[in-house]
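Right, one structure below, let's go through it.
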Amino acid sequence: MAKLQPVRGTHDLLPEEALRHRRVVDVAREFAERYGFAEMATPVFEFTEVFKRTLGDTSDVVTKEMYTFTDRGGESVTLRPEFTAGVVRSFISEGLSQQLPVRFFSYGPLFRYERPQKGRLRQFHQINVECIGIAEPQADVEVLALGHDILSALGIRKDTRLEINSLGDPESRAAYRARLVDYFSGHVGQLSDDSRARLERNPLRILDSKDEGDRKIVAGAPMLADSLNSTSAEFFAAVRRGLDALGVEYVVNQRLVRGLDYYSHTAFEFVTSALGSQGAVMSGGRYDGLVESMGGPSTPGIGWAGGVERLAMLMGDLAAPRRIVALVPIGAAGEAKALVLAHELRGLGVRVDLAASGNISKRMKRADKIGARAAVLLGDDELKKGVGVVRDLASGAQREIALADLARALAAETA
RNA sequence: GCGAGUGUAGCUCAGCUGGUCUAGAGCACCGGAUUGUGGAUCCGGGUGUCGCGGGUUCGAAUCCCGUCACUCGCCCCA
């Protein structure tokens, strides 16, 4: 710590950015509630096992990106790198399988030891929804529609594209995986080093490799759609019909796969080209085998997570609300009156700015700078007449209002 | 984890073939013109360990090495 600086990959959220950040979360929470998703929160850290078991040993998230440490009691704990594992753990430990289905909304910080880039931080935030207990494609459609509505309400749906794919049920996925390994094994010599490693660990990932050589080979690879059994194919078709019926636009991307092992059937991403290589702003999928693999009763689930920082970056500047009232006292009597009036106004819900010092000119300047809507001058003249001079800072118009009515009048005007 | 670029004032940047650089500009900021009135104008003010450490040199913001941070690509993903 040579200089006083934030830890690599972490950021201070100063007011302007915090406002954008909060807007994303508020809108998401509001729409989640409309869809029946109740807000809940799980701890920021869990036993390391929770993430190890669920994310799969092959994912980078588990193998090299977790903040894991031993606490003073000798337990290995990990700062959560994603939401689903914790929510499902909670679902099991709290015995929630008695009240299916459950729909949860969550928001909070996540931690991943990655190389920082724009839109990729070591501490970042996500909004997250999980729908547990519905095996029908209707859940997929609703979860996707919710994401779509949130992006629309934030005014950024037009900057994104929804890509969907189906990984099929476990049987289809296993069959496809076998065909894929078979195919790529015949071209090992032409694959990039990265993809050769993926062939062992996660062959599906070769499909979205950006290496040019890989892409040529991938072009001839068997298609996932051709490996779907009839159940899986019909499931995917039902999801698409549902999206069509709601007017949610999407494109099917057969190369779309997910990094985490627990996904099946529907996989999707809302992507943007506005953020460089960090294109995914919201993504998720169905995880029908997860709850059981964590030791709970066999229960289907689907959900998504959205990157708050990435979503916030897509939004333009937010107009600051001009609802503040600045009190401008002149002289000792005015100061005393202003303090009381400020308290009264705040009690009525009005945002009040009361500068600690400065002459009238300075205080007016400050009122203007913070975007106050009105300034109230309180000097000896006013107090003698029992009024306050209210100046509308946008128009410059001034009028006198009796002190007794001041609080109520300002409260009404700035509501 | 790999490859590359950048790092000078609060912000955006100029300076970088080493020597008027005791380091500049615009914006922002502070004070004043204006001790009862903000936005405009004018006057004045530089607010800086030139990311940090070391090296080369008579002399380094400028060249070299290391390091830290950010950015871009890969990887990964939100």
Side-chain angles (χ1 to χ4, degrees), chain A residues 1-11 14 24 28 55 58-65 81-84 107-128 147 160 192-195 197-198 201-202 205 208-212 214 256-260 268-272 275-284 303-314 326 328-331 334 355 358-382 389-398:
Chain A
M1 196 176 68
K3 212 172 171 181
L4 218 44
Q5 59 184 18
V7 171
R8 181 158 147 92
T10 67
H11 258 301
L14 265 19
V24 170
L55 301 184
T58 60
S59 76
D60 279 17
V61 170
V62 166
T63 53
K64 43 191 185 197
E65 294 178 358
E82 60 116 33
F83 266 111
T84 305
Y107 153 74
L110 293 301
F111 307 83
R112 254 123 94 158
Y113 192 85
E114 292 189 279
R115 179 87 178 252
Q117 257 180 60
K118 188 204 299 209
R120 189 213 262 176
L121 301 165
R122 288 185 175 179
Q123 177 181 336
F124 59 102
H125 300 76
Q126 287 185 348
I127 47 178
N128 183 269
T160 66
S192 63
D193 290 348
D194 279 335
S195 287
R198 284 189 274 239
R201 304 194 334 183
N202 196 342
R205 290 224 69 94
D208 64 357
S209 169
K210 285 171 193 163
D211 182 89
E212 263 187 55
D214 287 350
L256 174 64
V257 293
R258 310 256 60 225
L260 307 181
F268 57 87
E269 289 183 355
F270 286 89
V271 298
T272 179
L275 262 33
S277 357
Q278 274 62 55
V281 295
M282 190 183 272
S283 70
W304 53 246
V308 176
E309 283 82 358
R310 291 182 186 181
L311 293 166
M313 272 191 281
L314 289 182
V328 180
I330 304 139
N359 59 28
I360 183 167
S361 174
K362 268 187 205 124
R363 292 189 197 234
M364 288 301 287
K365 237 175 223 171
R366 175 182 163 82
D368 184 58
K369 198 164 49 190
I370 64 171
R373 168 191 180 136
V376 180
L377 284 87
L378 296 165
D380 291 345
D381 298 350
E382 285 77 15
V389 170
V390 177
R391 181 180 179 88
D392 182 310
L393 289 175
S395 68
Q398 289 190 184

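Excluded from the calculations below are hydrogen atoms, water molecules and symmetry mates; all remaining heavy atoms, backbone and side chain alike, are included. Proteins get letters first, then strands, A, B, ... in listed order; numbering begins at 1 in each.
A donor-acceptor pair under 3.5 Å is formed between the side chain of A/R112 and the backbone N or O of A/P81. The backbone N or O of A/H125 sits less than 3.5 Å from a side-chain atom of A/E309, completing a donor-acceptor pair.
In this structure, the CG atom of A/N359 is 13 Å from the P atom of B/U34, given to the nearest Å. To the nearest angstrom, P of B/C77 lies 9 Å from CD of A/E114. Between the CZ atom of A/F124 and the C1' atom of B/C76 there is a distance of 11 Å, given to the nearest Å. Atom-to-atom, OH of A/Y113 to C1' of B/C75 comes out at 16 Å; the value is rounded to the nearest Å. For the pair A/K210 NZ and B/C77 P, the interatomic distance rounds to 11 Å; values are reported in whole Å. Between A/R115 atom CZ and B/A4 atom C1' the separation is 10 Å, expressed in whole Å. Following rounding to the nearest Å, A/L377 (CG) and B/U37 (C1') show an atom-to-atom distance of 6 Å. As rounded to whole Å, 17 Å separates atom C1' of B/G32 from atom CD1 of A/I360.
Between A/R122 and A/P116, the closest side-chain pair of non-hydrogen atoms falls below 4.5 Å.
In this structure, B/A61 makes no Watson-Crick or G-U wobble pair, since no nucleotide meets both defining distances under 3.5 angstrom. Partner assigned to B/G44 is B/C30, using Watson-Crick or G-U wobble distances below 3.5 angstrom. Pairing for B/U56 is absent, judged as Watson-Crick or G-U wobble with the two contacts each under 3.5 Å. Base-pair partner of B/A69: B/U6 (Watson-Crick or G-U wobble, both distances under 3.5 Å). Of all nucleotides present, none satisfies the Watson-Crick or G-U wobble test against B/G18 with each distance under 3.5 Å.
An OP1 or OP2 oxygen of B/C30 is reached within less than 4.0 angstrom by no side-chain nitrogen or oxygen of A/K365. Regarding contacts with the backbone of B/G38, a side-chain N or O of A/S361 is found under 4.0 angstrom from either OP1 or OP2. Using a 4.0 Å cut-off, some side-chain N or O of A/S283 falls inside it from OP1 or OP2 of B/A78.
With both ends at atom P, the span from B/U57 to B/C21 equals 26 Å, rounded to whole Å. When the C1' atom is used for both B/G24 and B/G15, the distance is 8 Å, rounded to whole Å. Rounded to the nearest Å, the gap between the C1' atom of B/A61 and that of B/A23 is 8 Å. If you take atom C1' in B/A60 and the same atom in B/U8, they sit 14 Å apart, rounded to whole Å. B/A78 and B/U62 have their P atoms separated by 43 Å, with the value rounded to a whole Å. On the P atoms, B/G5 is 48 Å away from B/G39, given to the nearest whole Å. Only the P atoms considered, B/G38 is 24 Å distant from B/G45, to the nearest whole Å. Only the C1' atoms considered, B/A28 is 28 Å distant from B/G36, to the nearest whole Å.
Base contact: A/R120 has a heavy atom under 4.0 Å from a base atom. Nucleic acid contact class of A/G9 (heavy atoms, under 4.0 Å, all strands): sugar-phosphate only. At a threshold of 4.0 angstrom between heavy atoms, the contacts of A/L121 include nucleobase atoms, whether or not backbone atoms are also involved. No engagement by A/R366 is indicated, since no non-hydrogen atom pair under 4.0 Å with the nucleic acid exists. Within the 4.0 angstrom heavy-atom criterion, no nucleotide atom of any strand lies near A/G279.
Taking A/E269 as the reference, A/R258 meet the salt bridge (charged side-chain N to carboxylate O under 4.0 Å, His left out) condition, with sequence neighbours excluded.
Distance from the side chain of A/Q117 is smallest for B/C72 among the nucleotides B/C77, B/C30, B/C72. Listed candidates were B/G31, B/C76, B/U37. Nearest to the side chain of A/R391 is B/U37. Nearest to the side chain of A/M364, among B/C29, B/G31, B/G38, sits B/G38. Minimum atom distance to the side chain of A/R198 is reached by B/C75, of the listed B/C77, B/C75, B/G31. In the set B/G39, B/C74, B/G36, the nucleotide with an atom closest to the side chain of A/D194 is B/C74. Out of B/A78, B/G38, B/U71, the shortest distance to the side chain of A/L393 is found at B/G38. Minimum atom distance to the side chain of A/R8 is reached by B/C70, of the listed B/C77, B/C70, B/C75. When the nucleotides B/G1, B/C72, B/U37 are ranked by their closest atom to the side chain of A/Q398, B/U37 comes out on top. Nearest nucleotide to the A/R205 side chain, out of B/U34, B/C77, B/G36: B/C77.
Using modelled atom types and a 3.5 Å distance limit, the side chains of A/S192 and A/D211 yield no donor-acceptor pair.
Take the nearest nucleotide of RNA chain B for A/Q126 and for A/D380: the residue whose nucleotide is more 5' is A/D380. Along RNA chain B, the nucleotide nearest to A/G379 and the one nearest to A/K118 differ in position, and the one closer to the 5' end is contacted by A/G379.
With hydrogens and angles left out, the side chain of A/E382 and the base of B/G36 share a donor-acceptor pair within 3.5 Å. The base of B/G39 has none of its N or O atoms less than 3.5 Å from a complementary donor or acceptor on the side chain of A/D368.
Shortest non-hydrogen contact noted between A/R310 and A/G119 is NE-O, 2.7 Å. In terms of heavy-atom proximity, A/G9 sits nearest to A/L121 at O-CB, 3.4 Å. Annotation for A/G307 and A/Q126: closest pair CA-CG, 4.4 Å, computed over non-hydrogen atoms. Between A/A372 and A/L393, the closest heavy-atom pair is O-CD1, 3.5 Å.
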